[in-house]
Amino acid sequence: MTQGIHLVSNGKQSLEHFVSVAQTVSPYVNYIHIREKHRTDDELNKWIDELVKKGISKEQLVINERVALAVQTGVKGVQLTDQSEDVSSVRTKHPNLLIGRSVHSIEEAQHAARNRVDYVIFGHIYETNSKPGLAPRGLKQLEQLSKSISTPVIAIGGITPERVESVMAHGAQGVAVMSGLIDSEKPIEEAKHYLGGVRHGYSC
């Protein structure tokens, strides 16, 4: 199951803070993404070790872009971007790896789907501080993209618990969350709110 809630690190928080949040919300999220582009493989190995020490299963962990590291460490999956190795190449070499692809257009999503990606992350849907000055793609584009492929679409960008039902009503099968959980003073309560929105979206 690739749907549900994806917690994504934001490249700004400390290891200690992210591990604390991840440990707290892990029962309520489906996947935990280590998205730390500026860090070395050795640093990312440490992140994985610390998360596992806190009881988080490698089956919940996804590494951004670093295919070799994902395979070496035995985590569940890898999140690819337009700067990464192509989905088809990774799928051929690592058929058992969970593969996600970050996309920004219908064409990118369709290409990834043809190459047997497990899910795509599409955004940003709403205005967000992580993308200052960039216009959001919005619910209409999300709906158009979701209808263009059968692959699960995970929405990202400015998604609060109150917006979860709207994005799912427009075709998303889950949400990716960064600051909404990482910067929250009460991450466990927020995670429960996100989960409630996802479950309601499934039932509609």
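Values reported hereafter were calculated over all heavy atoms of this structure, with side chains retained and with hydrogens, waters and symmetry mates removed.
L139 places a side-chain heavy atom less than 4.5 Å from the side chain of L142. The shortest distance between side-chain heavy atoms of N115 and R91 does not fall below 4.5 Å. In this structure, D118 and T151 have side chains that are not in contact, with every pair of non-hydrogen atoms separated by 4.5 Å or more.
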Can I56 and V52 be said to form a side chain to side chain contact (heavy atoms under 4.5 Å, CB included), step by step?
CA-CA 5 Å; I56 294 170; V52 171; 5.9 Å; no
Start with the C-alpha distance between K192 and E189, add both sets of side-chain angles, then the distance that settles salt bridge (charged side-chain N to carboxylate O under 4.0 Å, His left out), and finish with yes or no.
CA-CA 5 Å; K192 289 178 179 178; E189 286 84 352; over 6 Å; no
Quick one, D82 with E108, criterion side chain to side chain contact (heavy atoms under 4.5 Å, CB included). Give me CA distance, side-chain angles, the key distance, then yes/no.
CA-CA 9 Å; D82 56 3; E108 280 189 315; 3.9 Å; yes
Where do V167 and I125 land on the side chain to side chain contact (heavy atoms under 4.5 Å, CB included) test, with the steps shown first?
CA-CA 8 Å; V167 298; I125 305 302; 4.3 Å; yes
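Of all the heavy atoms in Y194 and G180, the pair that sits closest is OH-CA, 3.7 Å. Taking each heavy atom of F18 and V8 in turn, the nearest pair found is CE1-C, 4.4 Å. Nearest heavy-atom pair across H17 and I182 is NE2-O, 2.7 Å. For the pair L80 and V90, the tightest heavy-atom approach, listed with the atom from each and the gap, is CD1-CG2, 4.0 Å. Closest approach of H193 and P161 over heavy atoms only: CB-CB, 3.6 Å. What you find for I154 and Q173 is that their closest heavy atoms are CD1-C, 4.2 Å.
The backbone N or O of N10 sits less than 3.5 Å from a side-chain atom of Q13, completing a donor-acceptor pair. Of the possible polar contacts, none joining the Y31 side chain to the E59 backbone as a donor-acceptor pair under 3.5 Å is found. Checked by atom type and distance alone, the side chain of Q60 pairs as donor or acceptor with a backbone atom of S26 at under 3.5 Å. Within the 3.5 Å criterion, the main-chain N or O of K140 finds no donor-acceptor partner in the side chain of E143. Between the side chain of R101 and the backbone N or O of Q79, no donor-acceptor pair lies under 3.5 Å.
V25 and W47 fall within a single hydrophobic cluster, where Ile, Leu, Val, Met, Phe, Trp and Tyr side chains are chained together by heavy-atom contacts under 4.5 Å. Cluster annotation: I156 and I99 are assigned to distinct hydrophobic clusters (Ile/Leu/Val/Met/Phe/Trp/Tyr, side-chain heavy-atom contacts under 4.5 Å, transitive). In the hydrophobic cluster analysis, where Ile, Leu, Val, Met, Phe, Trp and Tyr join through side-chain heavy atoms closer than 4.5 angstrom, I121 is grouped apart from V75. Linking Ile, Leu, Val, Met, Phe, Trp and Tyr residues whenever their side-chain heavy atoms come within less than 4.5 Å leaves V87 and L98 in two separate clusters.
Atom OG in S146 sits 9.0 Å away from atom CD1 in I106 (nearest 0.5 Å). Taking OG of S9 as the start and CE of M178 as the end, the distance is 6.5 Å to the nearest 0.5 Å. Between atom CD1 of residue I5 and atom CG of residue L181 there is a gap of 7.5 Å, rounded to the nearest 0.5 Å. Here OG1 of T40 is found 5.0 Å from CG of D42. Values are rounded to the nearest 0.5 Å. For the atom pair E107 CD and L145 CG, the distance stands at 9.0 Å (nearest 0.5 Å). For the atom pair NE2 of H33 and OG of S102, the computed distance is 8.5 Å after rounding to the nearest 0.5 Å.
Within a 6.0 Å sphere centred on NZ of K58, heavy atoms belonging to other residues, nucleotides or ligands number more than 12.
Checking D86 against S88 by side-chain atom types alone, a donor-acceptor pair falls below 3.5 Å. Between E190 and S184, the side chains place no donor N or O within less than 3.5 Å of an acceptor N or O (distance only, hydrogens not considered). Looking at Q23 and E50, their side chains never bring a donor and an acceptor atom within 3.5 Å of each other.
Identified under the ring pair (Phe, Tyr, Trp, His ring centres under 6.0 Å) test for residues 80-136, with sequence neighbours left out: H6-Y119.
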For a quick test of your reading: what N or O donor-acceptor pairs under 3.5 Å do the side chains of residues 61-73 make, sequence neighbours left out?
from, atom 1, to, atom 2, distance (Å)
E65, OE2, T81, OG1, 2.7
E65, OE2, S84, OG, 3.2
R66, NH1, R39, O, 3.2
R66, NH1, D41, OD1, 2.6
R66, NH2, K37, O, 3.2
R66, NH2, R39, O, 2.5
T73, OG1, L69, O, 2.8
T73, OG1, A70, O, 3.4

